[in-house]
Amino acid sequence: MKILVPVKRVLDYNVKARVKADGSGIDLANVKMSMNPFDEIALEEAIRIKEKGNAEEIIAVSIGVQQNQETLRTALAMGADRAILVVATDDVQNDIEPLTVANILAAICSKEKPSLILCGKQAIDNDFNATAQMLAAKLQWSQATFASEIEVKKDMIRVTREVDGGLQTIDAKIPVVVSVDLRLNEPRYASLPNIMKAKRKPLEEISPADLAVEMTQRLKVIKTKEPNSREAGLILENIDQLVEKIQENVGG
Amino acid sequence: MNILVLAEINDGELAEDQTSKTVSAASTLGKVDVLCASNKCADASKKLAKMENIENVLVLEDDLFTHSLAESYSDTLLDTIRLYSHIFAPSSSFGKNVLPRIGGILDVMVVSDISKVISEDTFERPVYAGNAIQTVQSIDKIKLISVRTSNFDAVPLNGTANIKNLDYKCSNNLTTFIENKIQASDRPELTSAKVVVSGGRGVGSKENFEIIEGLADKLGAAVGASRAAVDSGFAPNDWQVGQTGKVVAPDLYVAVGISGAIQHLAGMKDSKVIVAINKDEEAPIFQVADFGLVDDLFKVVPEIEKKI
């Protein structure tokens with residue numbers, strides 16, 4: 001089995017997003033960028049499936065600017081076998097929409113023919129939570145979203161999903177697109193020898209045109225603003241005051 | 001403009017709060033039709049027909065929809081969906097699963113998790129875990145919209161919608177339901193509760209979490225938890241409030257032993273009144289709380305419970 005793992009380069013999750021003064025977006029100049037944390041979990045799962053002998057090859061794919069190469073080198077150091085970089089823009093501020101990402105990934109799949117695609121459930125920048133589902137639809141494959149447990153069987157996989165109120169277990173026919181949730185695993189750190197080895201692993205660079213995919217944008221971002229901020233309130237003196245405030249606001 | 005809302009129904013039971021608030025968001029643009037697809041529709045369709053601003057309740061009774069698997073919707077309902085210009089669904093695990101798949105099939109980009117309807121093609125939505133709000137305009141012919149329901153009020157129940165039966169042959173050869181592990185609880189549902197009491201890492205253990213639950217039960221509240229508390233195994237994941245958990249906006253949010261990491265604030269900062277109890281006066285939670293008490297939660301919480 002071949003596994004494909006798309007990885008996105010996003011603002012590092014420890015860095016606070018700053019809205020640009022002109023309202024045109026989030027400032028991404030000179031800030032730390034990292035692999036989307038959900039994609040790290042997806043990649044870790046792919047590596048574990050391979051380590052159990054249920055997969056032969058892991059391909060990491062990233063779509064965006066030239067610098068996404070760094071994200072792919074991290075993926076290779078963690079354990080991906082090879083990488084594909086789709087250079088789709090030269091402007092880091094230009095976020096590629098999930099629908100276009102799904103089109104690009106679908107085109108790659110028709111060539112690479114993976115049986116399993118493991119995606120993060122959402123990117124922590126645009127928070128769309130859509131790529132995996134859209135890709136499954138484009139390929140007419142089964143989908144299993146928000147996975148917290150994955151078991152590979154003969155021609156299907158059993159996935160436990162995080163749903164509102166608890167967990168749901170489904171069987172999905174292979175080939176399948178799975179989107180992963182936080183509790184699936186804890187991703188490993190790449191060791192120094194593996195970082196060195198990763199430099200020699202193949203990293204192919206292509207463009208959307210090579211895949212005959214048109215770059216479109218269906219959602220026009222008109223404005224980006226700061227959310228309404230809350231102001232710090234009152235520090236109370238004692239429990240009685242607190243009880244009073246709670247009682248005032250229960251059912252109020 | 002023709003607007004369709006996908007009602008969330010699990011094994012015949014309507015998710016009333018989520019669906020009603022979605023109808024509320026959708027009906028800012030006009031009257032709506034609602035799709036009621038489930039294995040048992042009698043009860044759910046009656047409840048839907050009473051919601052204001054609904055013109056027609058479209059009933060599709062089929063065992064295929066018992067557990068709301070995405071493939072059942074997207075791969076069979078396209079003829080109905082194509083009759084509409086706007087499709088709304090709650091941004092719950094149901095809507096997030098189904099709507100983008102429909103988008104993939106129709107080649108339409110989904111507008112996820114909207115917090116405000118500006119016009120028929122323009123919406124506001126939070127990005128970067130709520131650290132920014134984006135106004136986006138969709139140029140797609142069909143608008144697919146999932147709704148952050150905590151930002152909308154439920155619709156009144158004085159409607160008189162028509163109930164119409166749909167006749168479809170549906171199929172799903174791709175996925176099979178195995179089982180649900182849903183915790184039964186007498187407490188209100190976290191995302192729609194008027195009061196939420198949440199515990200964080202400061203609570204210390206699963207056993208200690210009982211004092212959070214005790215206060216919640218006294219207040220008729222839902223129980224929440226920070227990601228730190230969930231990761232430490234003090235509380236189950238479906239209690240998690242935050243960027244990676246649920247987004248809540250109750251009348252009163254009581255944060256106990258929660259430091260107030262950005263990722264937690266993203267899930268509760270739209271609450272009307274926030275009360276925080278933490279022994280660390282530097283805790284960021286006090287920057288957003290309306291009322292704070294700097295004290296040991298193990299002393300304070302049992303005493304509040306006694307005095308209320």
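Order of the sequence lines sets the chain letters (A, B, ...), proteins ahead of strands, with each chain counted from 1. Keep in mind the model is a prediction, meaning the values are calculated, not measured.
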Return the [atom1] to [atom2] distance between [X] and [Y], rounded to the nearest 0.5 Å.
X        : Y        : atom1 : atom2 : value
A/Ile49  : A/Leu116 : CD1   : CG    : 5.5 Å
B/Ser146 : B/Ile114 : OG    : CD1   : 7.5 Å
A/Leu118 : A/Arg48  : CG    : CZ    : 12.0 Å
A/Asp171 : A/Glu151 : CG    : CD    : 8.5 Å
B/Ser72  : B/Asn172 : OG    : CG    : 4.0 Å

If you count heavy-atom pairs under 4.5 Å with chain B, which of [options] comes out on top?
options                               : answer
A/Gly23, A/Ala102, A/Ser142           : A/Ser142
A/Thr169, A/Val10, A/Leu11            : A/Thr169
A/Thr131, A/Val19, A/Asn129, A/Thr216 : A/Asn129
A/Lys16, A/Met156, A/Arg161           : A/Arg161
A/Gly233, A/Gly165, A/Ala172          : A/Gly165
A/Thr145, A/Val159, A/Leu219          : A/Leu219

If I measure from the heavy atoms of chain B, does [X] come under 4.5 Å with its side chain, its backbone, both, or neither?
X        : result
A/Leu234 : both
A/Lys225 : both
A/Leu139 : neither
A/Leu242 : side chain
A/Asn103 : side chain
A/Gln143 : both
A/Ile246 : both
A/Tyr13  : neither
A/Phe146 : side chain
A/Gln217 : backbone

Side chain B/Asp290, main chain B/Ile274, donor-acceptor under 3.5 Å: yes
Is the backbone of A/Ile41 close enough, under 3.5 Å, to the side chain of A/Glu45 for a donor and an acceptor to pair up by distance? no
With the threshold set at 4.0 Å, does a side-chain nitrogen-carboxylate oxygen contact exist between [X] and [Y]?
X        : Y        : answer
B/Lys307 : B/Glu303 : yes
A/Arg158 : A/Glu149 : no
B/Asp107 : A/Lys138 : yes
A/Asp181 : A/Lys121 : yes
B/Lys143 : B/Asp121 : no
A/Glu97  : A/Arg218 : no

Non-neighbouring partners of [X] that pass side-chain hydrogen bond (donor to acceptor under 3.5 Å, both in side chains), sequence neighbours left out:
X        : value
B/Arg125 : none
A/Asp95  : A/Lys8, A/Asn126
A/Glu112 : A/Lys2, A/Arg82

With salt bridge (Lys or Arg N to Asp or Glu O under 4.0 Å) as the criterion, how do B/Asp251 and B/Lys272 come out once you've worked through the C-alpha distance, each side chain's angles and the decisive distance to 0.1 Å? CA-CA 5 Å; B/Asp251 292 338; B/Lys272 287 205 184 78; 3.1 Å; yes
Given heavy-atom pairs under 4.5 angstrom as the criterion, report whether the side chain, backbone, both or neither of [X] touches chain A.
X        : answer
B/Ile277 : side chain
B/Ala132 : both
B/Thr122 : side chain
B/Lys246 : side chain
B/Gln18  : side chain
B/Asp113 : neither

Might you confirm whether atom NZ of A/Lys20 has over 12 heavy atoms from other residues, nucleotides or ligands at distances under 6.0 Å? yes
Are more than 12 heavy atoms from other residues, nucleotides or ligands located less than 6.0 Å from atom CD of B/Glu179? yes
In terms of side-chain heavy atoms, does A/Arg9 have a donor or acceptor partner in A/Gln67 at a distance below 3.5 Å? no
Option that, when pairs with chain A are counted at under 4.5 Å, heavy atom only, ranks first among [options]:
options                               : answer
B/Glu124, B/Glu189, B/Glu281          : B/Glu124
B/Asn97, B/Val254, B/Val98, B/Val294  : B/Asn97
B/Phe286, B/Tyr128, B/Trp239          : B/Tyr128
B/Gln137, B/Gln134, B/Arg227          : B/Gln137
B/Leu99, B/Ile133, B/Thr175, B/Ile285 : B/Ile133
B/Ile304, B/Val300, B/Asn237          : B/Asn237

Sorted by number, residues from residues 262-270 of chain B in contact with chain A (heavy atoms, under 4.5 Å): B/Ile262, B/Lys269, B/Asp270
